[in-house]
Participant: 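Let me begin by handing over the structure; questions about it come next.
First listed ligand is number 1; within each ligand, the first listed atom is number 1. When a residue number appears, it is its place in the shown sequence, counting from 1. All figures in this text were calculated on a predicted structure; none of them were measured in a lab.
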Amino acid sequence: MAIRQHFNPRPDDLFLISFPKSGTTWLKALAFATMTRTHYPLDRHPLLSLNPHDVVPFMDDLFVAGQASKLEALPSPRILATHMPYFLLPDSITGSGCRIIYICCDPKDVVVSLWHFSAKASAAKGRECFPFDKFFEMACEGDFPYSPIWDHSLQYWKESLRRSEKVLFLKYEEMLEEPAANVKRLAEFLGCPLSEEEEKEGVVEEIISLCSFEKLKSLDANKKGSQGIAVFKVANASFFRKGGIGDWRNHASPEMAQKLDGIVREKLEGSGLTIPGVEEATAED
Ligand code: PAP
């Protein structure tokens, strides 16, 4: 992979990493808004006219598109994203001491979100989409790009325990529940903590509001246009489908949910990592 050989990290690079459909777009918006809050007034912020994926690029996409030089042209500190599992990250990144923020999400919701996303992409190419049950089964088998989901999260979890000052591990569900606490945590990790004055002025709430699902979904920049390269182009609007948690209940049977939860629980056992929404074992399990 070209990226493994040719990517040149800078010491102040920040990497936003996730399994696809785990809250990537939201994390990009929040990290970018938090980091640039003193550069732009939040009511005239670039996120009002650009999609979060425009302001925080996927570095692997740029390599695949032969546009790696765009990464070199970005001013420091760069915020870059990837879905790569930890073991595939270039050694130049893992050995560099660069900061990483990882976000995870209940795998059941991830599968639903990914299924809708894939269905749209298939429809756009005139192809048929996998039936949901089959797609769900593939997730249980770990038969997806970047999979298995649990291994992806577990590797970054372990790294966050080993190097907590460099790797911050976030959970989508906790961010929805306590956005203010998580924005403050993000700001501290980014080295730009919110001052008392900013807190009094309501900057935290402004960041949350600017990056909220409803706000971003309503913007022209996210209703129109697309992301990706050549045949892999996807509409910006498809990154703002439903938002929130628990949509798996509208797609998967309780038995399917129990199966995936069971696999995830077993794989995470003893690691200390728990994922909100992954149910505790019941007596029948
Ligand atoms: P990606 O990995 O392809 O970039 P990602 O952004 O992780 O996708 O999408 C995951 C979910 O985040 C989507 O869920 P859904 O399909 O169940 O609707 C998406 O709606 C949701 N999402 C996007 N933006 C936000 C936001 N600002 N706040 C909360 N959730 C969001």
Side-chain angles (χ1 to χ4, degrees), residues 15-34 42 45 47-48 50-61 79-85 101-122 124 129 132 135-136 139 144-147 149 152-153 156 170-180 182-183 186 205-219 221-223 225-229 232-252 275-277:
F15 297 96
L16 306 182
I17 308 186
S18 55
F19 188 86
K21 300 295 154 202
S22 303
T24 322
T25 312
W26 192 22
L27 178 60
K28 284 186 176 190
L30 284 171
F32 183 73
T34 304
L42 287 167
H45 196 274
L47 280 172
L48 294 168
L50 292 169
N51 178 276
H53 296 284
D54 292 326
V55 295
V56 180
F58 281 111
M59 56 184 187
D60 10 3
D61 280 2
I79 315 181
L80 305 172
T82 181
H83 290 312
M84 274 190 280
I101 303 180
Y102 184 83
I103 185 163
C104 83
C105 180
D106 179 351
K108 302 191 293 304
D109 282 332
V110 169
V111 177
V112 168
S113 184
L114 199 48
W115 181 71
H116 280 284
F117 194 75
S118 312
K120 263 191 204 133
S122 300
C129 171
F132 180 75
F135 198 82
F136 197 90
F144 279 164
Y146 309 108
S147 276
I149 305 174
H152 199 281
S153 297
Y156 285 99
L170 299 173
K171 301 179 185 178
Y172 179 82
E173 295 79 4
E174 289 181 356
M175 290 175 60
L176 277 180
E177 200 167 308
E178 290 193 284
N182 278 288
V183 166
L186 207 53
E205 289 70 24
E206 276 183 75
I207 292 173
I208 294 169
S209 161
L210 171 66
C211 301
S212 71
F213 179 80
E214 293 72 24
K215 178 72 187 177
L216 295 182
K217 190 180 168 81
S218 74
L219 298 171
N222 297 323
K223 286 183 184 165
S226 61
Q227 294 297 317
I229 41 173
F232 297 113
K233 278 205 178 300
V234 284
N236 283 342
S238 58
F239 292 98
F240 306 93
R241 187 185 67 90
K242 190 160 187 187
I245 54 173
D247 196 29
W248 66 264
R249 290 175 202 283
N250 300 317
H251 296 77
I275 303 181

Participant: For Gly243, take its heavy atoms, then give the atoms of ligand 1 lying under 4.0 Å from any of them.
Facilitator: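 Selected atoms, number and element: 15 (P), 18 (O), 20 (O).
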
Participant: For atom 2 (O) of ligand 1, what is the nearest protein heavy atom, given as residue, atom name and distance?
Facilitator: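 For this ligand atom, the closest protein heavy atom is Thr24 OG1, 2.6 Å.
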
Participant: When you compare ligand 1 with Gly23, is there at least one nitrogen or oxygen pair between them that comes in under 3.5 angstrom?
Facilitator: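 Checking ligand 1 against Gly23, an N or O pair does fall under 3.5 Å apart.
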
Participant: Please determine, by modelled atom types, if Asn250 and Asp247 share a side-chain donor-acceptor pair under 3.5 angstrom.
Facilitator: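 The answer is yes; a qualifying pair exists.
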
Participant: Do you know the tightest heavy-atom contact between Lys233 and Ser226?
Facilitator: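 Scanning both residues completely, I find the closest heavy atoms to be CD-OG, 3.6 Å.
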
Participant: Compute whether any side-chain donor of one residue and acceptor of the other, for Tyr156 and Ser18, lie under 3.5 angstrom apart.
Facilitator: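 Side-chain D/A pair, Tyr156 to Ser18: absent.
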
Participant: If you measure from each non-hydrogen atom of Tyr172 to ligand 1, which part falls under 4.0 Å: side chain, backbone, both or neither?
Facilitator: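 Contact part for Tyr172 vs ligand 1: side chain (C-beta onward).
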
Participant: List the closest protein heavy-atom neighbour of atom 22 (N) of ligand 1: residue, atom name, distance to the nearest 0.1 Å.
Facilitator: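 The closest heavy atom on the protein side is Phe213 CD1, 3.9 Å.
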
Participant: Specify whether Phe117 and Phe239 have parallel, tilted or perpendicular ring planes, treating 30° as the upper limit for parallel and 60° as the lower limit for perpendicular.
Facilitator: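 Plane angle between 30° and 60°, so tilted.
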
Participant: May I ask you to identify the nearest protein heavy atom to atom 3 (O) of ligand 1, giving residue, atom name and distance to one decimal place in Å?
Facilitator: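 Looking only at protein heavy atoms, the one closest to atom 3 (O) of ligand 1 is Lys21 NZ, 2.8 Å.
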
Participant: Can you tell me which residue and heavy atom of the protein come closest to atom 6 (O) of ligand 1, and the distance to 0.1 Å?
Facilitator: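 It is Thr25 OG1, 2.5 Å.
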
Participant: Taking only residues two or more places apart in sequence, or in another chain, which ones meet His116 in a ring pair (Phe, Tyr, Trp, His ring centres under 6.0 Å)?
Facilitator: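 Expected list: His251.
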
Participant: Which of the numbered atoms in ligand 1 are under 4.0 angstrom from any heavy atom belonging to Leu216?
Facilitator: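 Counting from 1, the qualifying ligand atoms are 27 (N).
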
Participant: Taking the six-membered ring for Trp, are the ring centroids of Tyr172 and Trp26 within less than 6.0 Å of each other?
Facilitator: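 Yes, ring centres under 6.0 Å apart.
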
Participant: Assess whether a salt bridge exists between Asp106 and Lys171, defined as any Lys/Arg side-chain N lying under 4.0 Å from an Asp/Glu carboxylate O.
Facilitator: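 Answer for the salt bridge query: no.
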
Participant: Does one side chain, of Asn222 or Asn236, offer a donor that lies under 3.5 Å from an acceptor on the other?
Facilitator: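 No, Asn236 and Asn222 have no side-chain donor paired with an acceptor closer than 3.5 Å.
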
Participant: Side chains of Asn182 and Glu174: is there a donor and an acceptor less than 3.5 Å apart?
Facilitator: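 Their side chains do not contain a donor-acceptor pair, so the 3.5 Å distance test is not met.
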
Participant: With heavy atoms of His53 as the reference, note each atom of ligand 1 found under 4.0 Å away.
Facilitator: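 Checking each atom against His53, I get 4 (O).
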
Participant: Please state whether the rings of His53 and Phe58 are parallel, tilted or perpendicular, taking 30° and 60° as the class boundaries.
Facilitator: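 The rings of His53 and Phe58 lie parallel, inter-plane angle below 30°.
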
Participant: For atom 17 (O) of ligand 1, which protein heavy atom lies nearest, and how many Å away is it?
Facilitator: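 Answer, as residue, atom name and distance: Arg241 NH2, 3.0 Å.
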
Participant: At less than 4.0 angstrom from any non-hydrogen atom of Ser212, what atoms of ligand 1 do you find?
Facilitator: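 Heavy-atom distances to Ser212 below 4.0 Å select 27 (N).
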
Participant: Can you name the atoms of ligand 1, numbered from 1 with element, that are less than 4.0 Å from a heavy atom of Phe239?
Facilitator: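 Close to Phe239: 3 (O), 4 (O), 19 (C), 20 (O), 23 (C).
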
Participant: Check each atom of ligand 1 against the heavy atoms of His83 and keep those under 4.0 Å away; list them by number with element.
Facilitator: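 Once the distances to His83 are compared, the set is 2 (O).
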
Participant: Of the listed options (Gly246, Ser113, Ser18), which comes nearest to atom 14 (O) of ligand 1 when hydrogens are ignored and any heavy atom counts?
Facilitator: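 Checking each option, the heavy atom nearest atom 14 (O) of ligand 1 is found in Ser113.
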
Participant: For Cys211, counting its heavy atoms only, list the atoms of ligand 1 lying under 4.0 Å from any of them.
Facilitator: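 Heavy-atom distances to Cys211 below 4.0 Å select 26 (C), 27 (N).
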
Participant: Taking only heavy atoms of Pro20, which atoms of ligand 1 are found under 4.0 Å from at least one of them?
Facilitator: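 Selected atoms, number and element: 2 (O).
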
